[in-house]
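Owing to the predicted nature of the structure, the values given are computational and were not obtained by experimental measurement. Here is how names work: the chains are called A, B, and so on, in the same order as the sequence lines, proteins then strands, and each is numbered from 1.
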Amino acid sequence: MEIKAVRGFNDLLPNEIGKWQFVEETAREVFEGFGFSEIRIPILERTELFSRGIGEATDIVEKEMYTFTDRSGNSLTLRPEATASMARAYLEHQLYTFDPVAKLYCIGPMFRYERPQKGRYRQFYQIDAEVFGVENPMVDAEVIVMLIHFLKRVGLEKLELQINSLGCHACRPRYREELKKFLTQKSFQLCEDCQRRLQTNPLRIFDCKVETCQEAIANAPKVTDFICPECQKHFDKVKEHLETAGLTYILNPRMVRGLDYYTRTAFEVVSYQLGSQNAVTGGGRYDNLFQEIGGLEIPGIGFAIGMERLVSLLPKDKEFVQTPYLFIAALGEGPLKEAYRIVNQLHLQGIRAELDYEGKSLKSQMRRADKFKAQYVLILGDEELKQGKAVLRNMETKFQEEIPIPNLVNILKEKVRRQE
RNA sequence: GUGAGUGUAGCUCAGUUGGAUAGAGCACUGGGUUGUGGCCCCAGUGGUCGAGGGUUCGAGUCCCUUCACUCACCCCA
């Protein structure tokens, strides 16, 4: 094979697509039940939407975007995430004139130029849900409740919900300084990366996996001790609402988010079966995003689910493959022609049917039928054709009966109905 | 961008201290009653040993370069 898919871009083959369809269908059902509407947005946006929305200094913008100049000289970028585009669409079409509150979800591919590894690809799929226009902590909890409900519906177990508050633009800088001051005293035990982070983004040191860094940060001041009274109140309400909804969560004061726009509530659902990239989904509140891209002060909260991470956690025992209902084994030219006519007729009735076009031996056709896990095989030879009949074999019970060809469609439809 | 590991048939892998025509299992195709599947038996198709160069009488085995994949770091879903 000479031409292969480019690095980090994967094919989803028929044998695994059932899981994806199942996940997407469940998401639509659950989200719409919670009052969300689907929105579809372009895969390509003007680069500045992301550089302003996500933040100029973030890793995504600095080194992970697929950016190019088009033929008319505009800088365009393959979307690395969906939230900014959804916010842009909300502003552009002034959805707030219909109602200030918008509950939206979106399913599709995102692109980030990173070194691929387990659970991380250059094209990856996300399910996004966002609520624009509400600052009330009730919505924070509502969104999380919906997320957990969805994950359970899809069959995930052993998940851990972690939450934190990152404070707002008023109180976070204060905490940042405090943390910086604390860590500067211990900078001698920080690794090289963290020395750098101390200057650029001290919060990130919490994420470091180096042991000495973890020791250094063990007794560091917590965000939650520094957030302003309003943020504190907001966070308390979120926790309260989660508890009334019966959700258990883990407070993780060390959880930080990589995108600049996050404020206040931040959350993540992790699974320890995933390997190093253990977050199935992450999200939070972003009360500054809209100002960055449009000037209006509109609060928002939402999350993104990593589809390939989620699919990899799906219970294995679930069967998602579609098998043909009927396989027609035709013997000879005349029967093949008749079989072809029948198959077409069945397809029009929505009955999955296959046949062998190559005129192979009955044995070989039976083997194929078996491989495809067909429930019935119709055997059609010259004799049967002459009499206008065919042999219908139930592959599981091995029961065979002769049936008149004109009745076949009705007989099969009846069998399908009885099965359901 | 950095580090480590792995590249032999469609898949999973054997291949001794370098030695002659490169193997197995699974899969695929055909056959074992002329028109009946799964199990079993037999046969067959299929490999420029990732690529390029070097050492050697001789390289799948050793050396160098390169590419790809995987995992991890950075960071994130």
Side-chain angles (χ1 to χ4, degrees), chain A residues 1-2 4-8 10 54 57-65 79-83 107-129 147 191-194 196-197 200-201 203-205 207-210 255-259 262 267-271 274-284 302-313 327 329-332 335 358 360-385 390-400:
Chain A
M1 263 309 273
E2 297 206 322
K4 294 200 281 191
V6 320
R7 179 196 286 255
N10 300 311
I54 298 171
T58 58
D59 273 34
I60 291 182
V61 172
E62 266 181 2
K63 52 183 206 192
E64 295 173 3
M65 294 205 299
R79 62 181 187 198
E81 57 116 43
T83 310
I107 302 175
M110 307 298 156
F111 305 85
R112 275 144 60 175
Y113 190 89
E114 297 177 273
R115 205 60 177 266
Q117 71 183 73
K118 191 180 175 70
R120 173 198 287 160
Y121 310 98
R122 289 184 172 180
Q123 174 174 332
F124 61 102
Y125 292 81
Q126 285 190 338
I127 303 177
D128 278 84
L147 173 63
C191 70
E192 228 174 281
D193 283 327
C194 287
R196 177 177 52 79
R197 288 187 193 123
T200 56
N201 192 350
L203 304 215
R204 288 243 75 101
I205 297 177
D207 272 351
C208 187
K209 283 155 190 163
V210 177
M255 183 172 74
V256 264
R257 315 253 70 217
L259 284 54
Y262 282 116
F267 55 92
E268 234 170 61
V269 177
V270 301
S271 162
L274 273 179
S276 182
Q277 306 303 324
N278 64 358
V280 192
T281 126
F303 58 78
I305 302 169
M307 284 266 273
E308 24 291 270
R309 292 181 191 179
L310 171 57
V311 165
S312 77
L313 288 174
F327 189 95
L331 304 163
E358 307 298 327
K360 291 188 178 156
S361 70
L362 179 59
K363 179 175 189 155
S364 133
Q365 296 196 53
M366 290 298 288
R367 278 186 182 158
R368 273 191 83 197
D370 186 58
K371 182 174 66 186
F372 291 153
K373 296 191 174 75
Q375 294 171 59
Y376 290 93
V377 171
L378 189 77
I379 299 166
L380 191 62
D382 286 320
E383 268 312 300
E384 288 85 355
L385 192 57
V391 176
L392 186 65
R393 177 182 175 86
N394 182 320
M395 291 295 272
E396 205 190 332
T397 66
K398 299 183 178 178
F399 175 76
Q400 296 195 170

S.K.: If I pick the P atom on B:C74 and the same atom on B:C69, what distance separates them, to the nearest angstrom?
M.R.: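 Result for the P pair: 22 Å, nearest Å.
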S.K.: Check the distance between B:U36's P and A:Leu362's CG and give it to me in whole angstrom.
M.R.: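 So the two atoms are 6 Å apart, to the nearest Å.
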S.K.: How long is the line joining CZ of A:Arg7 and C1' of B:C67, in whole Å?
M.R.: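 Roughly 10 Å, once rounded to whole Å.
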S.K.: Which base, if any, makes a Watson-Crick or G-U wobble pair with B:G18, both distances under 3.5 Å?
M.R.: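 With both distances under 3.5 Å required, B:G18 matches none.
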S.K.: Suppose we define a pair by two distances each less than 3.5 Å, Watson-Crick or G-U wobble; what does B:U29 pair with here?
M.R.: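 Partner of B:U29: B:A43.
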S.K.: May I ask which nucleotide in the shown strands pairs with B:U61, Watson-Crick or G-U wobble, both distances under 3.5 Å?
M.R.: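 Looking at the geometry, B:U61 pairs with no nucleotide.
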S.K.: Does a nitrogen or oxygen in the side chain of A:Arg120 sit under 4.0 Å from OP1 or OP2 of B:A77?
M.R.: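 Result: no.
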S.K.: Does a side-chain N or O from A:Ser361 land closer than 4.0 Å to OP1 or OP2 of B:G31, or not?
M.R.: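 For A:Ser361, the contact criterion (side-chain N or O under 4.0 Å from OP1 or OP2 of B:G31) is met.
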S.K.: Can you tell me how far C1' in B:G18 sits from the matching atom in B:G58, rounded to whole Å?
M.R.: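 The same atom, C1', in both gives a distance of 8 Å.
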S.K.: Both conditions, 6.0 Å and 45 degrees, for the charged tip of A:Arg79 above the ring of A:Phe111: are they met here?
M.R.: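 Negative - A:Arg79 is either too far from the ring of A:Phe111 or too far off its axis.
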S.K.: Quick one: label A:Gly283 by what it contacts on the DNA or RNA (base, sugar-phosphate, nothing), any heavy atom closer than 4.0 Å.
M.R.: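 No contact.
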S.K.: Is any N or O donor-acceptor pair between the side chain of A:Arg393 and the base of B:G37 shorter than 3.5 Å?
M.R.: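 Yes, the side chain and the base share a sub-3.5 Å donor-acceptor pair.
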S.K.: Do side-chain atoms of A:Arg309 reach the backbone of A:Gly119 as a donor and acceptor pair under 3.5 angstrom?
M.R.: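 Yes, A:Arg309 side chain to A:Gly119 backbone: donor-acceptor pair under 3.5 Å.
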S.K.: I need the CG-P distance between A:Leu203 and B:C75, as an integer number of Å.
M.R.: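 One finds 12 Å between P of B:C75 and CG of A:Leu203, rounded.
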S.K.: Check this one for me: any side-chain N or O of A:Gln117 less than 4.0 Å away from OP1 or OP2 of B:C71?
M.R.: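 For B:C71, OP1/OP2 do not have a side-chain N/O of A:Gln117 under 4.0 Å.
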S.K.: Would you measure the distance from the P atom in B:G30 across to the matching atom in B:G15 and give it in whole Å?
M.R.: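 Approximately 34 Å lies between the P atom of B:G30 and that of B:G15.
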S.K.: Any base atoms under 4.0 Å from A:Lys363, or only sugar-phosphate, or nothing? Heavy atoms, all strands.
M.R.: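 Result for A:Lys363 = base.
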S.K.: Quick one: A:Lys4 NZ to B:G50 P, roughly how many Å, whole number?
M.R.: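 Value for this atom pair: 12 Å.
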S.K.: With rounding to whole Å, what would you report as the distance between B:G1 and B:C26 at their P atoms?
M.R.: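 B:G1 and B:C26 have their P atoms separated by 44 Å.
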S.K.: Taking for each residue the nucleotide of RNA chain B bearing the nearest heavy atom, is the 5' side occupied by A:Val391 or by A:Asp370?
M.R.: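 Upstream on the strand: A:Val391.
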S.K.: Would you check if the side chain of A:Gln126 reaches a backbone N or O of A:Met307 as a donor-acceptor pair within less than 3.5 Å?
M.R.: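 Flag not set: sc A:Gln126 to bb A:Met307 has no pair under 3.5 Å.
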S.K.: When you get a sec, tell me which of B:G37, B:G35, B:C74 is the closest nucleotide to the side chain of A:Ile379?
M.R.: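 So the side chain of A:Ile379 is nearest to B:G35.
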S.K.: Checking the side chain of A:Gln365 only, and the main-chain atoms of A:Ala330 only, is there a donor and an acceptor separated by less than 3.5 Å?
M.R.: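 Checking the backbone N and O of A:Ala330 against the side chain of A:Gln365, a donor-acceptor pair under 3.5 Å is found.
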S.K.: When all nucleic acid strands are considered with a 4.0 Å heavy-atom cut-off, which category describes A:Arg115: base, sugar-phosphate, or nothing?
M.R.: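 Result for A:Arg115 = base.
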S.K.: Just compare B:C75, B:U29, B:U36 and give me whichever is closest to any side-chain atom of A:Lys360.
M.R.: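 Of the candidates, B:U29 comes closest.
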S.K.: Is the shortest heavy-atom distance from the side chain of A:Lys118 to the side chain of A:Ser276 under 4.5 Å?
M.R.: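 No, too far: nothing below the 4.5 Å cut-off.
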S.K.: If B:A68 has a Watson-Crick or G-U wobble mate with both distances under 3.5 Å, name it; if not, just say none.
M.R.: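 The base-pairing partner of B:A68, which may sit in any strand shown, is B:U6.
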S.K.: Record whether the side chain of A:Lys398 comes under 3.5 Å of the base of B:G38 through a donor-acceptor pair of N or O atoms.
M.R.: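 Yes.
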S.K.: Using a cut-off of less than 4.0 Å, is there contact between a side-chain N or O of A:Ser364 and OP1 or OP2 of B:G30?
M.R.: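 For A:Ser364, the contact criterion (side-chain N or O under 4.0 Å from OP1 or OP2 of B:G30) is met.
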S.K.: Expressed in whole Å, how much space separates the P atoms belonging to B:C49 and B:U61?
M.R.: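 Taking atom P in both B:C49 and B:U61, they lie 9 Å apart.
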S.K.: Answer with base, sugar-phosphate or nothing: what part of the nucleic acid does A:Tyr121 contact at a heavy-atom distance below 4.0 Å?
M.R.: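 Base contact - A:Tyr121 has a heavy atom under 4.0 Å of at least one base atom.
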S.K.: Strictly below 4.0 Å, N to O, side chains only: are A:Glu114 and A:Arg122 in salt-bridge contact?
M.R.: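 Answer for the salt bridge query: no.
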S.K.: If you look at every strand shown and take non-hydrogen atoms under 4.0 Å, does A:Ala369 touch a base, only sugar-phosphate, or nothing?
M.R.: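 Nothing: the residue A:Ala369, judged by heavy atoms under 4.0 Å, touches no strand.
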S.K.: Scan A:Glu62 against the nucleic acid and name what it touches under 4.0 Å (heavy atoms): base, sugar-phosphate only, or nothing.
M.R.: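 Result for A:Glu62 = nothing.
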S.K.: Counting heavy atoms not belonging to A:Tyr113, are there more than 12 under 6.0 Å from its OH?
M.R.: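 Not buried by this count: 12 neighbours or fewer within 6.0 Å.
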S.K.: Could you state the CD-P distance from A:Gln365 to B:G38, rounded to the nearest angstrom?
M.R.: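 Rounded to whole Å, this separation is 14 Å.
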S.K.: Classify the nucleic acid contact of A:Glu81 as base, sugar-phosphate or nothing, counting any heavy atom under 4.0 Å across all strands shown.
M.R.: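 Touches nothing.
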S.K.: I'd like the P distance from B:G5 over to B:G52, given in whole Å.
M.R.: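 Straight-line distance between the two P atoms is 24 Å.
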S.K.: Scan A:Val377 against the nucleic acid and name what it touches under 4.0 Å (heavy atoms): base, sugar-phosphate only, or nothing.
M.R.: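 The residue A:Val377 makes no contact with any strand.
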S.K.: What is the nucleic acid contact for A:Lys371, judged by heavy atoms within less than 4.0 Å: base, sugar-phosphate only, or nothing?
M.R.: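 Here A:Lys371 touches the backbone only, sparing every base.
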S.K.: Can you tell me the base-pairing partner of B:A24? Count Watson-Crick or G-U wobble geometry only, both distances below 3.5 Å, and say none if there is no partner.
M.R.: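 Pair assignment: B:A24 / B:U12.
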S.K.: For A:Arg122 and B:U70, give me the distance from atom CZ to atom C1', rounded to whole Å.
M.R.: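 Distance, rounded to whole Å: 14 Å.
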S.K.: Nearest whole angstrom, please: distance from the P of B:A72 to the NZ of A:Lys118.
M.R.: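 Going from NZ in A:Lys118 over to P in B:A72 covers 7 Å.
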S.K.: Measure from CD on A:Glu114 to P on B:C69 and round the result to the nearest Å.
M.R.: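 Going from CD in A:Glu114 over to P in B:C69 covers 16 Å.
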S.K.: In whole Å, what separates the C1' atom of B:A59 from that of B:U48?
M.R.: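 So the two C1' atoms sit 15 Å from each other.
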S.K.: Sticking with atom P, work out how far B:A43 lies from B:G23, rounded to a whole angstrom.
M.R.: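 Pairwise P distance, B:A43 against B:G23, rounds to 15 Å.
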S.K.: Is it true that a side-chain atom of A:Glu308 and a backbone atom of A:Arg120 form a donor plus acceptor pair closer than 3.5 Å?
M.R.: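 Checking the backbone N and O of A:Arg120 against the side chain of A:Glu308, no donor-acceptor pair under 3.5 Å is found.
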S.K.: Is any side-chain nitrogen or oxygen of A:Gln400 closer than 4.0 Å to OP1 or OP2 of B:U36?
M.R.: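 No, because none of the side-chain N or O atoms of A:Gln400 sits under 4.0 Å from OP1 or OP2 of B:U36.
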